[in-house]
Each structure stands twice: as structure tokens, then as C-alpha cells.
K.L.:
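Mind having a look at this structure? Questions to follow.
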Amino acid sequence: MSARILIIEDEAKFARFVEMELSYEGYSVSKASDGRDGLELLASDSFDLVLLDIMLPGLNGMEVLRRIRRSSSIPVIMLTARDSVMDKVAGLDHGADDYITKPFAIEELLARIRTTLRKNAAAPSQEVFSVGLLQLDPAKHMVTVNHKQVDLTKREFDLLQYLLENKGNVLSREALLENVWGFDFEGETNVVDVYIRFLRAKIDEVFGIKTIATVRGVGYVIRDEE
Ligand code: CA
């Protein structure tokens, strides 16, 4: 069965172009020209992936994403003409799965779609990871410290899970980018530092523990206490 993709994009010519290319690849495609239409379609029909333009009239893409995430974990790839680290961080922080900057080659979009669909099709791990008082349960998508729940964004959760999966190993920023973000962030490895800060603010500072250690000049590691 072909994957169903919803494009939320106000530029009609561009949306039509993407629709034609995706249909040609065998995807089943629906279009919405603004955020409200897109949210209505999502509520009334079932889709496998959303391509969401960030610059939309009325509700902007970021707000549409926020509303999608209130009720759904459907994979979302953001489309943007802008290209700054903070825009990417903001989108990913609000739960986007990936990002593509306009103008892009259609082959790149197709590759992103395939990767995102594949990642989301993979069964969640049954293992529960822990270090000290911290526990991460991938199946329940839950993190707790001393049985108190910690509210993390999708990207923070994925980063923490990857560090825990590799407990004891020092991971470089490049390795974290490649395995957590899943693509080359054009060398902007400071995104990793930004997310490590988010995690420390939500975990270490709140609970007075030390979870993620910095190894200067190398990267980050989670270690069991000695
Ligand atoms: Ca637009």
C-alpha cells in the first residue's frame, strides 16, 4: 500500500509540482493551501507523513506543527525558505522530524521522505534504559527521575536515548548529529550543544543530579556512577 502524504503549502504552483513528483513515485498525495485546511484534513483522514511549509498565511507552519503535536505523532518534514540554526532548532524542538530548505532538489526531498517513513516504521525498542535515578522507556516514550516524569520534546528524548544506548562511550557531536538528527546539519554541530543544554536544564538542574558529562574536545557521555 502506498504511503499517504499531505502537503500543506500556500504556493499553488510549488505544491502542484511536489504533488506531481510524489505521485510519480507512487505516493498518494493530498494538498491543503493553509494551516486550517491542513489540520481539518489531518483530523478527518489518515496520512503517513506531512510536508509542512513554514511560511503560511494565517496560522504559520510552526503553530500548525504545535497543533498537530497535541494529538498526533505523525512524521512531519518542514519546508522552509529560511536557513538559520535557530529556525531549525525551533522546528525540531516543536517536534518536526526533519527539515528541508527551499529551493531543494526533488531527489533530496524523496530521500528525506523515505528515511523519515522508514524510521517511523521501525518498532520501538522494548528495553528500558537507566542511569542512577533516571529511567527512559522508549515504548512508553517516558523519562522519569526518581519516579517523577520529565517532559521532553521528541528531539531531546531521542538524544537522551542515544546517549543511554551508548552508555560509557564518548560520542562526538558529529556522531550525535548523524544518529539522532539523521542527516548532515551542514556542519552546524552547535545544535548538539544547544540540546545538551536543554536536557541539563530539564534534568540535572531540576533534580540536582549530573547525567551528561562533557569530554572537552571530544563530545558527550553518560556514565554509570563509580
Ligand atoms: Ca509558503
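Each ligand, and each atom within it, is numbered from 1 in the order the structure gives.
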K.L.:
Asp10: which N/O/S atom is nearest the Ca ion (ligand 1)?
P.N.:
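The closest N, O or S atom of Asp10 to the Ca ion (ligand 1) is OD1.
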K.L.:
Is the shortest distance from a Lys or Arg side-chain nitrogen in Asp97 or Arg69 to a carboxylate oxygen in the other one below 4.0 Å?
P.N.:
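Looking at Asp97 and Arg69, the cut-off is met.
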K.L.:
For a 4.5 angstrom cut-off between non-hydrogen side-chain atoms, does Asn179 reach Asn166?
P.N.:
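When only atoms from C-beta onward are counted, Asn166 and Asn179 do not touch, as no gap falls below 4.5 Å.
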K.L.:
Please note down the angle at the Ca ion (ligand 1) between OE2 of Glu11 and O of Met55, to the nearest 10°.
P.N.:
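An angle of 160° at the metal.
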K.L.:
Please give the atom name: the N, O or S atom of Asp53 nearest to the Ca ion (ligand 1).
P.N.:
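Within Asp53, restricted to N, O or S, the Ca ion (ligand 1) is closest to atom OD2.
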K.L.:
For side chain to side chain contact (heavy atoms under 4.5 Å, CB included), just list the numbers for Leu49 and Thr116, CA-CA rounded to whole Å, side-chain angles, deciding distance to a tenth of an Å, and then say yes or no.
P.N.:
CA-CA 8 Å; Leu49 183 139; Thr116 304; 3.9 Å; yes
K.L.:
A quick test of your reading: do over 12 heavy atoms of other residues, nucleotides or ligands sit less than 6.0 Å from CZ of Arg36?
P.N.:
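Counting neighbours around CZ of Arg36, 12 or fewer heavy atoms of other residues, nucleotides or ligands fall under 6.0 Å, so no.
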